[in-house]
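For clarity, every value in this text was computed on a predicted model and none was experimentally measured. Counting begins at 1 with the first residue of the sequence.
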Amino acid sequence: MIPSSTYRIQFRNGMTFDAVSERIPYLKKLGISHLYASPIFTATAGSTHGYDVTDCNDIDPAIGGREGFDRMVQALHAAQMGLILDIVPNHMASSLENRWWRDVIEHGEKSAYASHFDIDWSQRLTLPFLGDTFEKVLEKGEISIKADPQTGKPTLAYYDAFYPLDPSTWQGKEADVLAMTDKQAIADLHQRQPWRLMSWREAATNLSYRRFFEVTGLVGVRVEDNRVFDDTHQLILELVANGAVDGLRIDHIDGLADPQAYLQRLRQKVGEACYITVEKILARGEVLPQEWPISGTTGYEFIAALAEVLVDDRALGDLRRVWQDAVGQQVDMRAELRKARVLMIERNFAGEFARLLKLASELARQQRVDIDDETLRSALRELLIAFPVYRTYGTAQGFSTADRELLRRVTAQLSASEFAPDAQALGFLSRLLVGADDACLTTTAATFRTRFQQLTGPLMAKSVEDTLFFRQNMDLALNEVGAEPVQRFFSLTRFHQEMQSRMRLQPDALSSTSTHDTKRGEDARARLYTLTEAPARWAEHLARWRQMNQTHVRFLNDGTAPKAADTWMLYQALAGVWPAVFRPDDANGLQALKERFLEFVEKALREAKLRTDWVDTNEAYETAVLDYARHMLSPENTLFLQDFHAALQPFIRAGLVNSLTQTLIKLTAPGVPDIYQGSEALNFSLVDPDNRRLPDFALLARQLAQADSRVFTQEACWMNGQVNQYVTAVLLHLRQRFPTLFRKGDYLPLDAEGDNAEHVIAYARADEKNALVVVAPRWVFHRIEGELSSAGGTLWADTRIALPARLANRQYEDVFHHEAVDVGATLDVAQLPGHPLIAVLREHPSEQTGAERENG
């Protein structure tokens, strides 16, 4: 069953199954068809997200266990709502709480679960969880032999972690081992284990298992093995089979050895009725493999597409200039991207790269290809740096035709670039990847192909999303998951083209605007888009604010803190998170904002990896920047706070209009709208963990109960998100009434005419029975002054929408005000009923046949 809408809930952090059950009446009233749950399986103690699964076949007692889950499902079914689960086939927690992993530690390759995890057994299993080298922590007395508190067996204890010893190294002499205090004897015992403890710092260069990105606490799972698939999916398949679960969201599909084979097996097990989407970031112009038996992605590309509507491309060059003036340098984004990727290969993923190079060198020797290791290393490095998508989907049989063509383009461009590697080496790597002949189809070659494809995704994600997007901050709204990092242009025409493509290729994919992984909430992003409309005004404000707080800039040995680029980022991030309804003299609100903001600032500085990072922190620099940020939000900094608040008001107003426009588009464009918890009102969150905070559901329920079309004329309802919430509820219920129109109806771009044509986006959805016309504003920063509740009067003066014959000369009904609208060959926007900032017109029931009215 295809959902008409989904509502994402983040379990943990105070959210349990019973708490969700209490919210189901609200979600039903909102118009949600399916609850969309974050991972619910047992995870490490205290997990805040659930992706660190320790038991795939148990529902986490921390959020209510199986009994609580069953109660929630019962409540959903009573409300005629469905459930979609987020599942994690790629990895599990490499935690002692994971009994499979613990068994592997204890028994090594002899463990029944040794092949469940993606481990290189050519060496001892590495456990990178020490604060220093094994020798140093042993010398400090931090490692000892103790009995496991649960089993009583001898373990090697490091603080509160008890690593089980291989039984063959202690059985028959348990008492002697437990009494062991001699450090050399402990070191010898450690040496005889199938594992070795090492410093967390060694993980990037010397890890024996595949991890999730850079997270050593998550170990890759080999679901390509049918036995492993069956063992890890027992409960998932049971929940689908018994009707408790209607759909699955597959986390990190690109991490799997063979995504297509996995999805085909999953589809065969769950049946055709199960709704399946995958977390997959598509590059510009990239499409999902047609062979995948799924409904589409989780919607990052939809977020990127909205920028085409809301970014003012006319002034984007001006914003780029004032940004470069502010940071004091001309920025070559392609060069910056290359720097970030080089850093990832040479440091953060050095171990994965070394393993891949070792495989390539072995294959070169096997095939008697005369290429020295350094030449091969350079070619492999440059090919990884140049790779433009998250991954290809080659198998043991080689690359598909589409992936062969992609690789051909990549190698051609690389060969013509200033970084062109040795042609023979590049050709050899290409042959291995495509599976050019029998010598490139061996087991070792297939392993190389798999490892290459499992590395390109993490390299892309960590270099772009978690490095470059924290370094280059011209407009933070553009630094979002799924967005392109290089300089680009934005076009309403391109948006329409992307929606038509979306309608053709994945009409049932999720359309997201916020997720648990986005860099900021959708309404913060909507507000920051407005910087592209008023770059000169932003630059003027920024210069004044920097001057106000100049005395808190510190001069360190490695430069000023914060430097100019940091201050640009700080003020823009604060502008995005600043609540729409907020007084700078609200001491409690200011303190709460400060706590959230400081946590973001620390993460942003470390992710940028310039003067500090997670590996080697620069305490002096971090302290100086954090002190500056504290001063920004200090109650004593009255002059700045009042000035910042006042200067931000036009950006807030224009941002709220952008918020409404993106809400309207998400609910009416092709795709299944996904509402991230609380975002039906307003979401000004920062990057995780801030974006995973529990929303105020009681407040949301009260707002919805009070909402009707009068919200458009009340300023407070714009500021607290009640307008967005009301529009969401109206359109979600409309989607339930007309599922065929929204799922299969054509997407028809409509052209605007007149004085304000460039400030309008308009399109229609139409099938054989029903039609819907959507009109929304954009680029209103200089068009709206004063209150939003009275802003529509002059915005659309002399603005008309040209209608094709299939939509013209009909009577429509405004879905928000239920007023009839007679339309000829054009739609006069200024004459629309109610609040003319937005309009959704449905073909009037009187224009339909009896059968069509019954369908409605």
ask   = Any salt bridge (Lys or Arg N to Asp or Glu O under 4.0 Å) pairs touching residues 503-519, not counting sequence neighbours?
value =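 Listed once each, the pairs are Asp466-Lys519, Asp508-Arg743, Asp517-Arg692.
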Are any of the side-chain heavy atoms of [X] and [Y] separated by less than 4.5 Å?
{"X": "Phe490", "Y": "Arg488", "answer": "yes"}
{"X": "Arg494", "Y": "Arg284", "answer": "yes"}
{"X": "Val730", "Y": "Val840", "answer": "no"}
{"X": "Leu492", "Y": "Glu308", "answer": "no"}
{"X": "Phe684", "Y": "Arg525", "answer": "no"}
{"X": "Pro804", "Y": "Leu750", "answer": "yes"}
{"X": "Leu841", "Y": "Glu813", "answer": "no"}
{"X": "Thr6", "Y": "Ile32", "answer": "no"}

Looking just at side-chain N and O atoms, do [X] and [Y] make a donor-acceptor pair shorter than 3.5 Å?
{"X": "His817", "Y": "Asp814", "value": "yes"}
{"X": "Tyr726", "Y": "Glu680", "value": "no"}
{"X": "Asp690", "Y": "Ser685", "value": "no"}
{"X": "Arg502", "Y": "Gln500", "value": "no"}
{"X": "Arg842", "Y": "Tyr812", "value": "no"}
{"X": "Asn479", "Y": "Arg520", "value": "no"}
{"X": "Gln506", "Y": "Glu301", "value": "yes"}
{"X": "Thr298", "Y": "Glu279", "value": "no"}
{"X": "Ser511", "Y": "Lys666", "value": "no"}

For residues [X] and [Y], report the shortest heavy-atom separation together with the two atoms involved.
{"X": "Gln472", "Y": "Val331", "result": "OE1-CG1, 3.4 Å"}
{"X": "Pro650", "Y": "Arg537", "result": "CG-NH1, 3.9 Å"}
{"X": "Ser463", "Y": "Arg341", "result": "OG-CG, 3.4 Å"}
{"X": "Leu795", "Y": "Pro777", "result": "CD2-CB, 4.2 Å"}
{"X": "Trp796", "Y": "Asn756", "result": "C-ND2, 4.0 Å"}
{"X": "Ala802", "Y": "Thr826", "result": "CA-CG2, 4.2 Å"}

message = Let's go through Thr663 and Leu667 carefully: what are the C-alpha distance in whole Å and the side-chain angles of both, what is the deciding distance for side chain to side chain contact (heavy atoms under 4.5 Å, CB included) to 0.1 Å, and is it a yes or a no?
response = CA-CA 6 Å; Thr663 296; Leu667 295 169; 3.7 Å; yes
Quick one: does any side-chain atom of [X] pair with a main-chain N or O of [Y] as donor and acceptor, under 3.5 Å?
{"X": "Thr467", "Y": "Val464", "answer": "no"}
{"X": "Arg800", "Y": "Leu827", "answer": "no"}
{"X": "Ser33", "Y": "Ser5", "answer": "yes"}
{"X": "Ser512", "Y": "Thr515", "answer": "no"}
{"X": "Arg765", "Y": "Gly745", "answer": "yes"}
{"X": "Gln572", "Y": "Leu528", "answer": "no"}
{"X": "Thr661", "Y": "Val657", "answer": "yes"}
{"X": "His496", "Y": "Leu748", "answer": "no"}
{"X": "Gln725", "Y": "Gln722", "answer": "no"}
{"X": "Arg596", "Y": "Val577", "answer": "no"}

For residues [X] and [Y], establish whether the separation of their ring centroids is below 6.0 Å.
{"X": "Tyr51", "Y": "His516", "result": "yes"}
{"X": "Phe712", "Y": "Phe816", "result": "yes"}
{"X": "Trp578", "Y": "Phe644", "result": "yes"}
{"X": "Phe213", "Y": "His252", "result": "yes"}

Could you state the interatomic distance from [atom1] ([X]) to [atom2] ([Y]), rounded to the nearest 0.5 Å?
{"X": "Ile652", "Y": "Phe582", "atom1": "CD1", "atom2": "CZ", "result": "10.5 Å"}
{"X": "Asn473", "Y": "Leu468", "atom1": "CG", "atom2": "CG", "result": "9.0 Å"}
{"X": "Leu542", "Y": "Trp538", "atom1": "CG", "atom2": "CH2", "result": "6.5 Å"}
{"X": "Glu758", "Y": "Arg778", "atom1": "CD", "atom2": "CZ", "result": "7.5 Å"}
{"X": "Thr740", "Y": "Asn770", "atom1": "OG1", "atom2": "CG", "result": "8.5 Å"}
{"X": "Thr297", "Y": "Leu288", "atom1": "OG1", "atom2": "CG", "result": "6.0 Å"}

ask   = Are Asp746 and Asp767 close enough, and set up right, to give a side chain to side chain contact (heavy atoms under 4.5 Å, CB included), and what steps lead you there?
value = CA-CA 6 Å; Asp746 293 338; Asp767 61 16; over 6 Å; no
message = Give me each pair satisfying side chain to side chain donor-acceptor pair (under 3.5 Å) with a member in residues 650-659, each pair once, sequence neighbours excluded.
response =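 For residues 650-659, and leaving out neighbouring residues, the side chain to side chain donor-acceptor pair (under 3.5 Å) pairs sorted by first residue read Asp523-Ser659.
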ask   = Given Thr456 and Leu459, is the side chain to side chain contact (heavy atoms under 4.5 Å, CB included) satisfied, shown in steps?
value = CA-CA 5 Å; Thr456 54; Leu459 280 177; 5.6 Å; no
inquiry  = Once you measure the plane-to-plane angle for Phe651 and Phe781, does it fall in the parallel (<30°), tilted (30-60°) or perpendicular (>60°) bin?
reply    =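 Rings of Phe651 and Phe781: tilted, 30 to 60°.
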task = Take Leu35 and Ile84 through the side chain to side chain contact (heavy atoms under 4.5 Å, CB included) test and state the conclusion after the steps.
result = CA-CA 6 Å; Leu35 183 75; Ile84 296 169; over 6 Å; no
inquiry  = Before you tell me yes or no, could you show the steps for Lys280 and Asp254 under salt bridge (charged side-chain N to carboxylate O under 4.0 Å, His left out), namely the whole-Å CA-CA distance, both residues' side-chain angles and the distance that decides it to 0.1 Å?
reply    = CA-CA 7 Å; Lys280 162 67 184 169; Asp254 280 348; 3.0 Å; yes
request  = Let me see the working for Tyr36 and Tyr7 under ring pair (Phe, Tyr, Trp, His ring centres under 6.0 Å), right down to the final yes or no.
outcome  = CA-CA 5 Å; Tyr36 167 23; Tyr7 193 95; 9.9 Å; no
inquiry  = Atom CD of residue position Gln290 - does it have more than 12 heavy atoms of other residues, nucleotides or ligands inside 6.0 Å?
reply    =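 Not more than 12 within 6.0 Å, no.
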key: Within 6.0 angstrom of Arg334 CZ, more than 12 heavy atoms from elsewhere   =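 At most 12 heavy atoms, drawn from other residues, nucleotides or ligands, come within 6.0 Å of this atom.
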Residues 315-323 side chain polar contacts: donor-acceptor under 3.5 Å, at least two apart:
| residue | atom | partner | partner atom | Å |
| --- | --- | --- | --- | --- |
| Asp318 | OD1 | Arg321 | NH2 | 2.2 |

